[in-house]
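What follows is a set of notes on a single structure, which appears directly below.
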Amino acid sequence: MDIGEDLNVPDDFTQSEMQTGMWWRHLAAGGIAGAVSRTCTAPLDRLKVFLQVQASKQRISDCLQYMLKEGGVRSLWRGNFINVLKIAPESAIKFAAYEQVKRLIRGNDKRQMTIYERFVAGACAGGVSQTAIYPMEVLKTRLALRKTGEYSSILDAASKIYRREGLRSFYRGYIPNMLGIIPYAGIDLAVYETLKKKYLSHHETEQPSFWLLLACGSASSTLGQVCSYPLALVRTRLQAQAVTIGPNPDGSVAVEPNMTNVFKRIIQTEGPVGLYRGITPNFIKVLPAVSISYVVYEYTSRALGVNMT
């Protein structure tokens, strides 16, 4: 299920689904479900991003009040359009890369992949897809944090950022984002498989229901987010920081912030708890995001002729 996080391991389709072309229907249903889910929980996602970039401790209610006062109710959905727009290319690239890496690992052998092989394939696929769509991630963060009237459109935002900061700005925060794939994908997959196998060991003749798999997926995704969240926070802060090309107005040389400097600054000024700023709205959105995604996925799958068992 798509809950708005892009680091999870792709679906592992069966051979029959690949041969019949059913896989693309699953991907299409997942993309539509993800778009609806992300749109419904966009205010919580923007609130998370807003809290992540705050150097001083602020309450959720204060940030929400500020956003409403600055831009009204519609401002709560800033950055959502590009967040939905990047679902299709991200999913397609990740799926294609995942299948290619699986072929390299297995060769001509049609055996089931081990959990470690799936982790390697998933991490590689995540790295390829994130590299390709990362500029859209930066734009999403900038659009979510923009003030009223700052950018008129996505193209306007991209143009202004490029003129002021250069091409490198579209990959700011790339390193912590790539490093975050490893703990997120690894824990997400390991916990999911462990919980599923634990159930099957006690119910050998009974296949796990979709709701049980959904619960396992939610638990594994949440634990993965907890472990990778500090890297996600540092990534967001780097994405949000505008560094102008050339010297500063006062004549001093502009120093581009890096991952290490941001980590040190957060620990020194905010303490270890500062690395988890904004995680509360991130947790709050999990349940509604999963529920909405499940309902939309089920109805969309039926409309596309996918057999739900």
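In this chain, numbering begins with 1 at the start of the sequence shown. Just so it is clear, the values below take in all heavy atoms, side chains as well, and ignore hydrogens, waters and symmetry mates.
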> Salt bridge or not for Glu165 and Arg142, using N-O below 4.0 Å?
Replying inline: yes
>> For the backbone of Gly126 and the side chain of Ser129, can you confirm whether one donor and one acceptor N or O come within less than 3.5 Å of each other?
In response: yes
> Which heavy-atom pair separates Val101 from Ala121 by the least distance, and what is that distance?
Replying inline: CG1-CA, 3.6 Å
>> Less than 4.0 angstrom from a charged side-chain N to a carboxylate O is my criterion; do Arg237 and Glu270 meet it?
In response: yes
> Under a 4.5 Å cut-off applied to non-hydrogen side-chain atoms, are Met259 and Tyr174 in contact?
Replying inline: no
>> So, taking the atom named OG1 in Thr280 and the one named NZ in Lys48, what distance separates them when rounded to the nearest 0.5 Å?
In response: 12.5 Å
> When rounded to the nearest 0.5 angstrom, what is the spacing between CG in Asp62 and CD in Gln54?
Replying inline: 10.5 Å
>> Working to the nearest 0.5 angstrom, can you tell me the gap between Arg78 CZ and Asn83 CG?
In response: 16.0 Å
> Among the clusters formed by ILVMFWY side chains lying less than 4.5 Å apart, do Ile93 and Leu104 turn up in the same one?
Replying inline: no
> With a cut-off of 6.0 Å (strictly less than), are more than 12 heavy atoms of other residues, nucleotides or ligands near CD1 of Ile105?
Replying inline: yes
> Aromatic rings Tyr276 and Tyr229: how do their planes relate, parallel, tilted or perpendicular, breaks at 30° and 60°?
Replying inline: parallel
>> To the closest 0.5 Å, what do you measure between CG (Leu143) and CE (Met136)?
In response: 10.5 Å
> Does the Glu70 side chain pair with the main chain of Thr148, one donor and one acceptor, at a distance under 3.5 Å?
Replying inline: yes
> Hey, does Val226 have a side-chain heavy atom less than 4.5 Å from the side chain of Phe283?
Replying inline: yes
>> As a quick check of understanding, evaluate side-chain contact (heavy atoms from CB on, under 4.5 Å) for Gln65 and Leu68, giving each step before the final call.
In response: CA-CA 5 Å; Gln65 190 174 15; Leu68 288 171; 5.9 Å; no
> Taking all non-hydrogen atoms of both residues, which atom of Asn80 and which atom of Ala42 are closest, and how far apart?
Replying inline: OD1-CB, 3.6 Å
> Looking at residues at least two apart in the chain, or sitting in another chain, which of them share a side-chain contact (heavy atoms from CB on, under 4.5 Å) with Val296?
Replying inline: Ile32, Ala33, Val36, Ile292, Thr300
> Which heavy atom of Cys63 sits nearest a heavy atom of Leu47, and at what distance?
Replying inline: CB-CD1, 3.7 Å
>> Just by distance, no angles: are the side chains of Tyr171 and Thr131 close enough, under 3.5 Å, to form a donor-acceptor pair?
In response: no
> In chain order, what residues pass the side-chain contact (heavy atoms from CB on, under 4.5 Å) check against Lys160, with sequence neighbours excluded?
Replying inline: Tyr151, Asp156, Arg163, Arg164
> Honestly curious: do Leu51 and Ile267 fall in one hydrophobic cluster under the side-chain, below-4.5 Å linking rule?
Replying inline: no
>> Measuring from atom OG of Ser75 to atom OH of Tyr66, what distance do you get when rounded to the nearest 0.5 angstrom?
In response: 9.5 Å
>> Working note: Leu76 + Leu64, criterion side-chain contact (heavy atoms from CB on, under 4.5 Å); need CA distance, chi angles, decisive distance, verdict.
In response: CA-CA 9 Å; Leu76 298 178; Leu64 186 60; 3.9 Å; yes
> Minimum heavy-atom separation for Ser301 to Tyr297, with atom names?
Replying inline: OG-O, 2.6 Å
>> Determine whether a donor-acceptor pair (N or O, by modelled atom type, separation under 3.5 Å) exists between the side chain of Thr236 and the backbone of Val49.
In response: no
> Is there a donor-acceptor pair closer than 3.5 Å between any side-chain N or O of Arg172 and the backbone N or O of Gln241?
Replying inline: yes
> Can Ile82 be reached from Leu145 by stepping across I, L, V, M, F, W or Y side chains whose heavy atoms are under 4.5 Å apart?
Replying inline: no
> By the rule that ILVMFWY residues connect when side-chain heavy atoms come within less than 4.5 angstrom, directly or transitively, which residues belong alongside Ile284?
Replying inline: Leu44
>> I'd like to know whether Gln130 forms a side-chain contact (heavy atoms from CB on, under 4.5 Å) with Glu90, so could you lay out the CA-CA distance, the side-chain angles of the two residues, the decisive distance to 0.1 Å, and finally the verdict.
In response: CA-CA 7 Å; Gln130 283 289 295; Glu90 198 271 342; 4.0 Å; yes
>> Would the distance check show the side chain of Glu137 and the main-chain N or O of Ile133 forming a donor-acceptor pair, the cut-off being under 3.5 Å?
In response: no
>> Any non-hydrogen side-chain atom of Tyr184 less than 4.5 Å from a side-chain atom of Gln225?
In response: yes
> If every non-hydrogen atom of Ala29 is compared with every non-hydrogen atom of Leu304, which pair is closest and at what distance?
Replying inline: N-CD1, 4.0 Å
> Between the side chain of Arg235 and the main-chain N/O of Pro176, is any donor-acceptor distance below 3.5 Å?
Replying inline: no
>> Given 3.5 Å as the limit, does a donor-acceptor pair link the side chain of Arg277 with the main chain of Val53, or not?
In response: no
> Quick one: CG on Leu233 to CD on Gln52, what's the gap to the nearest 0.5 Å?
Replying inline: 5.0 Å
> Ignoring hydrogens and geometry, is there a side-chain-to-backbone donor-acceptor pair from Ser159 to Leu155 under 3.5 Å?
Replying inline: no
> Would you find a donor on one side and an acceptor on the other, under 3.5 Å apart, between the side chain of Ser37 and the backbone of Ala289?
Replying inline: yes
>> Within the structure provided, determine whether Leu231 and Phe263 are in side-chain contact (heavy-atom separation under 4.5 Å).
In response: yes
> Is the backbone of Val262 close enough, under 3.5 Å, to the side chain of Arg265 for a donor and an acceptor to pair up by distance?
Replying inline: no
>> Is there a path of hydrophobic side-chain contacts, each under 4.5 Å between heavy atoms, that joins Ile266 and Ile175?
In response: yes
>> Do Ile60 and Phe50 sit in one hydrophobic cluster, given that two such residues count as connected whenever their side-chain heavy atoms are within less than 4.5 Å of each other, even indirectly?
In response: yes
> What are the two closest heavy atoms between Phe119 and Ile182, and how far apart are they?
Replying inline: CE1-O, 3.4 Å
>> If the threshold is 4.0 Å, N to carboxylate O, is there a salt bridge linking Asp45 and Arg38?
In response: no
